[in-house]
Amino acid sequence: MTVSPRRNRPRRDDTTQLDAERARHGVPTVQQWRDGDWQVRGIAGGASAKTYRCPGCDQEIRPGVAHVVAWPADDRGDLTDRRHWHSGCWRARDRRGPNLQRGRSAPRYG
């Protein structure tokens, strides 16, 4: 009679494996602010490959810097309404308004 060894680890189900893209870019959460509900997703530094301009401080978010992406949670907007924010600027947005110092015709980043 042959006895197979006991399995010490639970079996991994194929459906519970993380999607690599979701793990890299984070899972969106809904946050409530005075101006409505926002979908917010954290972006890891390694997942950031472009330069963006933060609407909170009007400074660049360089590639490799962790930050957040926010867009309206309801049907008010579309993908063009996504904005990349420094994490601290996003948390402080109720305490200060947008700091846009460039003209309307200036190029926008991301």
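Side-chain contact between P63 and K50 is absent, with no heavy atoms from C-beta onward closer than 4.5 Å. Looking at R41 and T29, their side chains never come closer than 4.5 Å, going by heavy atoms from C-beta outward. Looking only at side-chain heavy atoms (C-beta outward), P55 and R83 come within less than 4.5 Å of each other.
For V69, the side chain to side chain contact (heavy atoms under 4.5 Å, CB included) partners are I43, H67, W71, R82, H84, not counting sequence neighbours. With sequence neighbours left out, R91 forms a side chain to side chain contact (heavy atoms under 4.5 Å, CB included) with S87. For Q39, there are no side chain to side chain donor-acceptor pair (under 3.5 Å) partners two or more places apart in sequence or in a different chain.
Rounding to the nearest 0.5 Å places CZ of R93 at 6.0 Å from CH2 of W33. To the nearest 0.5 angstrom, D58 atom CG is 10.0 Å from C89 atom SG. To the nearest 0.5 angstrom, Q59 atom CD is 8.5 Å from C54 atom SG.
Stacking of R53 on the aromatic ring of W85 is not recorded, the 6.0 Å distance cut-off and the 45° axial limit not both being met.
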Criterion side chain to side chain donor-acceptor pair (under 3.5 Å) on W38 and Q32, from CA distance to verdict:
CA-CA 6 Å; W38 293 84; Q32 294 178 337; over 6 Å; no
